[in-house]
Protein chains: 2
Amino acid sequence: MSETVKTDATQPVPLDASRQLFIRRWGEMGGYWGINRTMAEIHALLFVSNEPVCTDDVMERLLVSRGTASTNLRALVDWGLIERVHLRGDRREYFLCRTNVWEMLETIIQQRRRREVEPIVETIDKCLEMVGPVTKGKTAAEPEDVTKFRCRLEEMQSFLQSFGAIVDMMVTLGPEGLERVSGMMTKMMA
Amino acid sequence: MSETVKTDATQPVPLDASRQLFIRRWGEMGGYWGINRTMAEIHALLFVSNEPVCTDDVMERLLVSRGTASTNLRALVDWGLIERVHLRGDRREYFLCRTNVWEMLETIIQQRRRREVEPIVETIDKCLEMVGPVTKGKTAAEPEDVTKFRCRLEEMQSFLQSFGAIVDMMVTLGPEGLERVSGMMTKMMA
DNA sequence: CTGAACTTTCAATATATACTGAAATAACTA
DNA sequence: TAGTTATTTCAGTATATATTGAAAGTTCAG
């Protein structure tokens, strides 16, 4: 741990200051996305650390209590963003951030989609059921209110579904595929 | 206002209950995305209302104070998600949700990108500058720490940029374009 | 200009969320 | 096994965020 303490380096302070800045900003961003700041900061700390980090490192670097460190590290493991590792001759648990940026963001996107987009899609389904079956043709003289309401929900539904499908595909394709799609889209737009 | 009070309809309760359900869920979702629940609920209320809604309607339907209604309505206008309208012979301000789902989500995506993705990209730039200029070739014997750190930041940077670019394009292309891209991607994946 | 109708603002307050630290639990070693 | 060290949990507390309601501000008709 504490690789930053080595004082042999030519520029030990800039490296650390730079990390610090990144950590702070990543934490702020977390706030905007409904993720608690400390959890995001811990994630950032692990992301910029080349060596595994233990609970005490987190406490020391981020000035948080053992409870907070423990809880948030666990949550990050649950999200699949970091993993536990063990170091020879040390009984403590260390944590490592999945280093591949693509995989990392893939994980975040998929988790959020599952937790946040799917529930709303399900709810829209339920809402549609509640206002009764779709009147095929214009037989059942549905009140205009209901028709408009249904219409809006259906639009929302189909939007969310196709948008979600695209994101899924992007994730599946990975970085190289993404490059190709980008190229194609540029051509389409010309 | 209060179109839901008309009791002539065949199914007045289901429509309202359905709306209620949608509003509640949309509000919960807001929470996950760092948007305050009430603001999201007001947005949902407007989204499912066919007629313009005024501050008193919001207060009544959502049981919130005048202050809250006013503040959140304003915020929604600032976000560009709803607009003010005026009704003949009524001095009050009414609000209308932009009905086009595509435009609505486009607005949200763009705003969030501007507010949340761009700052992090800028910060990464700053962080990279802080650890000094890139050593072309391997002359400057940069400490390994720094090299790794720079490497991770650069990966993150390029990921965010290409992902952002794609999203931008999707937004620009609109629904039909999206269909086409979807088709192409499906083919690519086969 | 005046008063009525409506809107905004903001200090006080309520609520929700996160953090602490120590006790309980678990995991290891000798 | 007992003793030691690491980890988790959680009641109490601190902090941040949202809400209220009434006062101040605005707009408009006469």
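Keep in mind that the numbers below use all heavy atoms, side chains included, and drop hydrogens, waters and symmetry copies.
Arg152(B) places a side-chain N or O within donor-acceptor distance of the main-chain N or O of Phe47(A), the cut-off being under 3.5 Å. Judged by distance alone, with hydrogens and angles left aside, the side-chain atoms of Arg98(B) form a donor-acceptor pair with the main-chain N or O of Gly80(B) at under 3.5 Å. Judged by distance alone, with hydrogens and angles left aside, the side-chain atoms of Thr71(B) form a donor-acceptor pair with the main-chain N or O of Gly67(B) at under 3.5 Å.
Annotation: cation-pi geometry satisfied between Arg112(A) and Trp33(B) (NZ/CZ under 6.0 angstrom from ring centroid, within 45° of ring axis).
Hydrophobic cluster membership is shared by Ile82(A) and Leu62(A), with clusters built from Ile, Leu, Val, Met, Phe, Trp and Tyr side chains linked at under 4.5 angstrom.
Among residues two or more places apart in sequence or in another chain, the side-chain hydrogen bond (donor to acceptor under 3.5 Å, both in side chains) test is passed with Glu28(B) by Arg25(B). Checked against side-chain hydrogen bond (donor to acceptor under 3.5 Å, both in side chains), Asp125(A) has the following partners two or more places apart in sequence or in another chain: Gln157(A). Checked against side-chain hydrogen bond (donor to acceptor under 3.5 Å, both in side chains), Arg115(A) has the following partners two or more places apart in sequence or in another chain: Gln111(A).
Reading DNA chain D from its 5' end, the first and the last nucleotide to sit under 4.0 Å from a heavy atom of chain A are dT4(D) to dT9(D).
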Next item on the list: Show your reasoning for whether side chain to side chain contact (heavy atoms under 4.5 Å, CB included) applies to Val121(B) and Gln161(B).
Entry: CA-CA 8 Å; Val121(B) 170; Gln161(B) 277 162 351; 4.0 Å; yes
Margin query: Is there a side chain to side chain contact (heavy atoms under 4.5 Å, CB included) between Arg84(B) and Arg74(B)? Walk through the geometry before answering.
Written below: CA-CA 9 Å; Arg84(B) 295 171 202 272; Arg74(B) 164 113 89 109; 4.1 Å; yes
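Sequence order on DNA chain D of the closest nucleotides to Arg74(A) and Asp90(A) puts Asp90(A) first from the 5' end.
Note: CG (Leu73(B)) to P (dT7(C)) measures 10 Å, nearest angstrom.
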Note to self: Protein within reach of the bases, or only the backbone? For nucleotides 19-30 of chain C, mark each nucleotide 5' to 3' as B, S or -, using heavy atoms under 4.0 Å.
What the structure shows: SBB-----BBS-
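Of the residues in residues 26-35 of chain B, not one comes within less than 4.0 Å of DNA chain D through any heavy atom.
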